[in-house]
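In each ligand, atom 1 is the first atom listed, and ligand 1 is the first ligand listed.
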Amino acid sequence: VTLEPHPGHEKILLAAGRAPSAHNAQPWRLVPLPNGASYELHYVFEDKLDADPDDRDAFLAMGAFYETLLLASHLHNNTCEFVPALAELATGFKLGVVSIAERASSEPADPLASAIESRITNRHPYQKVLLPKGLQTALIELGCTLLEPTLVAPLVSKASVMAWKDRRFIDDLKKWTRFHDGAPDGLTPACLNLNSTDRSALRFALARGRLPAALAWVYARRDVRLTKASSAVAVLSVDDRVPLTMFECGRRLLRCWVTITGAQHSYHPISIVIDQATAPELTRMAGVSHAVAIFRVGFTPEPAVVSNRRPLGNLLMAPQQNEA
Ligand SMILES: Cc1cc2nc3c(=O)[nH]c(=O)nc-3n(C[C@H](O)[C@H](O)[C@H](O)COP(=O)(O)O)c2cc1C
């Protein structure tokens with residue numbers, strides 16, 4: 001059976017597939033339902049990361065995917081609804097049902113819809129200038145805690161050293177780094193903004209599997225430098241870490257991202273601080289209950305390289321056998 005999107009949804013689903021995910025793993029799938037308007041939304045273990053044992057990054061990405069789908073539907077004169085119905089399957093998790101419908105002329109488009117196509121990860125150094133007041137306020141309203149980059153830099157250093165000594169972190173890099181430009185997923189050195197020295201260093205680390213402490217410290221300088229070259233570091237937190245809470249946080253994360261790129265600024269996650277044993281210290285520093293996402297924000301005139309996505313057909317999935 002060849003799976004097709006419902007009529008009229010092609011553009012929306014293509015735009016939704018541009019959503020962000022850690023390592024560009026794209027762990028989302030849609031199962032078309034017979035009503036011609038709805039899809040089950042699934043997270044598949046096939047694209048699970050080794051360094052994400054509790055599926056934190058996965059559920060954040062699922063939320064970011066749904067919010068991208070919602071904004072894309074508004075951009076294309078539709079609207080979208082999500083009804084949660086969480087179920088764990090052998091293949092992954094079903095999160096619920098997404099339905100796309102025409103948007104009534106009386107319902108205004110989401111103000112972020114027009115900026116959805118500008119969302120991108122920019123890994124260049126940023127200018128160390130204050131964020132515009134309006135952008136700061138918008139991020140705080142979306143639940144961000146904003147921290148001084150110089151305050152966070154020592155923690156980034158600690159996390160980065162831990163990461164380069166961590167086999168799981170390097171294994172994921174090995175699995176998802178693509179040294180040829182045509183790959184439909186993962187990240188190329190160009191996307192990662194690595195120069196030729198950085199590329200050789202990365203190849204060396206991947207070949208070694210993990211780095212000794214002194215070398216890990218040298219590698220960590222890059223993350224520290226980038227953190228310091230930012231206007232602010234933002235932290236998102238949750239009250240509990242159940243899947244649907246993480247999903248909702250992923251929706252907020254995406255709205256922060258589009259708010260930033262829509263304001264001609266840049267966004268770059270620094271997830272190592274949360275993946276490593278530095279997470280509790282970050283949570284304390286930010287004064288939140290559970291820090292689950294961290295990113296640096298700032299301005300750079302340097303454009304980022306656009307990453308690839310799998311074709312639309314790979315986003316669609318047949319109904320799962322083991323479903324209740
Ligand atoms: C939950 C999550 C965590 C991420 N963590 C990192 C990170 O630690 N470092 C990084 O450079 N990019 C990180 N990213 C960005 C992804 O690599 C990026 O979204 C993906 O490669 C697609 O590229 P794009 O955002 O430019 O479209 C993260 C994205 C998500 C959604």
Under the side chain to side chain contact (heavy atoms under 4.5 Å, CB included) test, which residues partner Ala229, sequence neighbours left out? Pro125

Name the closest protein heavy atom to [atom], giving the residue it belongs to and the distance to 0.1 Å.
atom                    : result
atom 25 (O) of ligand 1 : Thr121 OG1, 2.6 Å
atom 28 (C) of ligand 1 : Pro269 CG, 3.5 Å
atom 1 (C) of ligand 1  : Asp57 OD1, 3.5 Å
atom 30 (C) of ligand 1 : Ala22 N, 3.5 Å

With [atom] as the reference point, say which of [options] has the nearest heavy atom.
atom                    : options                       : value
atom 5 (N) of ligand 1  : Ala64, Ser307, Ser271         : Ser271
atom 20 (C) of ligand 1 : Ala304, Pro20, Ser21          : Ser21
atom 10 (C) of ligand 1 : Arg123, Arg18, Arg309, Met246 : Arg123

Run the ring-centre check on Phe299 versus Tyr126 and record whether the distance is less than 6.0 Å. no

Taking only heavy atoms of [X], which atoms of ligand 1 are found under 4.0 Å from at least one of them?
X      : result
Leu187 : 17 (O), 21 (O)
His268 : 10 (C), 11 (O)
Ile120 : 26 (O)

Within 45° cone of [Y] ring axis and under 6.0 Å: [X] NZ or CZ:
X      : Y      : answer
Arg221 : Trp217 : yes
Arg29  : Tyr43  : no
Arg251 : Phe65  : no

From Phe247, Phe93, Trp28, residue fulfilling ring pair (Phe, Tyr, Trp, His ring centres under 6.0 Å) relative to Phe59: Phe93

Are side-chain N/O atoms of Ser160 and Asp223 paired as donor and acceptor at under 3.5 Å? yes

Would you kindly specify which portion of His23 sits under 4.0 Å from ligand 1, judged on non-hydrogen atoms: side chain, backbone, both or neither? backbone

For Leu192, which part has a heavy atom under 4.0 Å from ligand 1: side chain, backbone, both, or neither? neither

Is Arg119 close enough to touch ligand 1? Criterion: a residue heavy atom under 4.0 Å from a ligand atom. yes

Any heavy atom of Trp257 sitting closer than 4.0 Å to ligand 1? yes

Just grab all the salt bridge (charged side-chain N to carboxylate O under 4.0 Å, His left out) pairs involving residues 143-168, residues at least two apart or on different chains. Lys158-Glu281

Crowding at CG, Asp239 (>12 non-hydrogen neighbours, <6.0 Å): no

